[in-house]
Number of protein chains: 2
Amino acid sequence: MAEKKTRRRGQDLVDAILAATWEQLQAKGYRALTIEGVARAAATTKTVLYRRWPDKAHLVLAALSKYDNFTGYVVPDTGTLRTDLLDLMGQIADFLEKLKGETFRGLLAERLQHLELDKLMSRANGNAAIRGIMQPMLDRAAERGEITRTDWPDRVINLVGILLINEVVSRQELSQTARNEMVDDILLPVFQSAGE
Amino acid sequence: MAEKKTRRRGQDLVDAILAATWEQLQAKGYRALTIEGVARAAATTKTVLYRRWPDKAHLVLAALSKYDNFTGYVVPDTGTLRTDLLDLMGQIADFLEKLKGETFRGLLAERLQHLELDKLMSRANGNAAIRGIMQPMLDRAAERGEITRTDWPDRVINLVGILLINEVVSRQELSQTARNEMVDDILLPVFQSAGE
DNA sequence: TATAATTAGATACGGCCGTATCTTATAGTC
DNA sequence: GACTATAAGATACGGCCGTATCTAATTATA
């Protein structure tokens, strides 16, 4: 029986490519993943891939968002600002954990060189997203009388994400004690200060 | 007259290569610099380069430390912790400025993927080096009664460097107002807190 | 159903990476 | 001054990048 060679198109093709990407990512990791390799695995050619994604980072992000369903973070409401912060850090840590570190570092490195990647990666580090979570936490903390100022600039709001990213990047993991230290030594003092 | 073809060796050769590296770095920037390109410019071959430096990052760092004489940072002593912090940030900002941003980002990206680069880059981000500068500042601040705690963990000490790096990475520059904000909203509150 | 517009797939290109191998100039040594 | 160890230089390799060009399969359209 002769093999029927049918030609995939559109979404079908995209699905096959993203599946292959995901598989390669699991099998070989971010660094060792190559566009040509994915193309081979998906039984197509890199021309096809380059028509859809400009580079490896975008391809991998596409696969990630399809298979690694990043559920968005949930606004913690645990009763104290301290535990709220720890809870949020835990959520972010879990997310980074799922990315296996190596992938995260690879993507981050890519992002350093291609500025436009920033938006795509906001899930991990934050900007707008983190504010949406932090602000309610801070407002509630103010109502409870834990803090007196709630209108913090972006730089302060983003501190959580920056600390975590730096931790993953310079050490390899994100231990509970590290997270405690970040909250107690840095974040709480900042938010408990009155501002100018 | 026939061209005399003499063969450079040892330090002579290294000097020529680093000169070519430096030149290429100025001319084309970090990303566009290639090992083969440097080899051509230095009229040698990449085999020779790979015998001495494992990759582009190490090569560039070697050229940087030869030509871009990073003078070490000076411990500020301006009379208040606030101005000391601003002064230190200024010094680091100047250093990053000299690296032209693009080079710094490139090196940082490389470092993300090759952990061992951490040590080489400690000048920019800090670990041991930063502590040597921060500790005297903090001790003096405590003597003056500005703060009550001086035994901060590395994570806190390194905060200065982390904030600056993040700033360079996510925005493009390191403005004075940004530095003021970092000091007033984050660093001072942290150091003025009592610790646990 | 014939024709036109898409788009997948095949192939080839110059460029770079990092490694291996071989030749040959230079330096040290007896 | 002859001999030997060392290291530079030349060349070639397979692999990947990113782009360009051509073909043929599929889908849309008239």
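Labels below follow one simple rule: chain letters A, B, ... track the order of the sequence lines, proteins then strands, and each chain is numbered from 1.
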For the pair made of [atom1] in [X] and [atom2] in [N], what is the distance, rounded to whole Å?
{"X": "B:Y50", "N": "C:dT21", "atom1": "OH", "atom2": "P", "answer": "18 Å"}
{"X": "B:D55", "N": "C:dC16", "atom1": "CG", "atom2": "P", "answer": "17 Å"}
{"X": "B:E36", "N": "D:dC17", "atom1": "CD", "atom2": "P", "answer": "16 Å"}
{"X": "B:R40", "N": "C:dC17", "atom1": "CZ", "atom2": "C1'", "answer": "13 Å"}
{"X": "B:W53", "N": "C:dC17", "atom1": "CH2", "atom2": "C1'", "answer": "17 Å"}
{"X": "B:L33", "N": "C:dG15", "atom1": "CG", "atom2": "C1'", "answer": "15 Å"}
{"X": "A:L13", "N": "D:dA25", "atom1": "CG", "atom2": "P", "answer": "17 Å"}
{"X": "B:Q11", "N": "C:dA27", "atom1": "CD", "atom2": "C1'", "answer": "16 Å"}

Select base, sugar-phosphate, or nothing to describe what [X] touches, counting heavy atoms under 4.0 Å on all strands.
{"X": "B:G37", "answer": "nothing"}
{"X": "A:T34", "answer": "sugar-phosphate"}
{"X": "A:R51", "answer": "base"}

Looking at B:E23, I'd like to know if its CD atom is crowded, meaning that more than 12 non-hydrogen atoms belonging to other residues, nucleotides or ligands lie closer than 6.0 Å.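 Counting neighbours around CD of B:E23, 12 or fewer heavy atoms of other residues, nucleotides or ligands fall under 6.0 Å, so no.
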Are A:E167 and B:R155 ion-paired here, with the side-chain N under 4.0 Å from a carboxylate O?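 Salt bridge between A:E167 and B:R155, a charged N being under 4.0 Å from a carboxylate O: yes.
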Among [options], which nucleotide sits nearest the side chain of [X]?
{"X": "A:R8", "options": "C:dG9, D:dA8, D:dA12", "answer": "C:dG9"}
{"X": "B:R7", "options": "C:dG9, C:dT26, C:dC17", "answer": "C:dT26"}
{"X": "B:R9", "options": "D:dA12, D:dC16, C:dA25", "answer": "C:dA25"}
{"X": "B:T47", "options": "D:dC17, D:dA10, C:dC16", "answer": "D:dA10"}

Quick check on [N]: is either OP1 or OP2 less than 4.0 Å from any side-chain nitrogen or oxygen of [X]?
{"X": "A:T44", "N": "C:dA8", "answer": "no"}
{"X": "A:T45", "N": "C:dA8", "answer": "no"}
{"X": "A:T6", "N": "D:dA25", "answer": "no"}

Minimal non-hydrogen separation, [X] against [Y], with atom names:
{"X": "B:R149", "Y": "A:D185", "result": "NH1-OD1, 4.0 Å"}
{"X": "B:L18", "Y": "B:Y67", "result": "O-CE1, 3.6 Å"}
{"X": "B:R140", "Y": "B:V75", "result": "NH2-CG1, 3.6 Å"}

Please tell me which of A:R52 and A:K46 maps to the more 5' nucleotide of DNA chain C, matching each residue to the nucleotide holding its nearest heavy atom.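 Between the two, 5'-proximity favours A:R52.
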For DNA chain D, whose closest nucleotide is more 5', that of B:A43 or that of A:K56?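 Per heavy-atom nearest nucleotide, the more 5' residue is B:A43.
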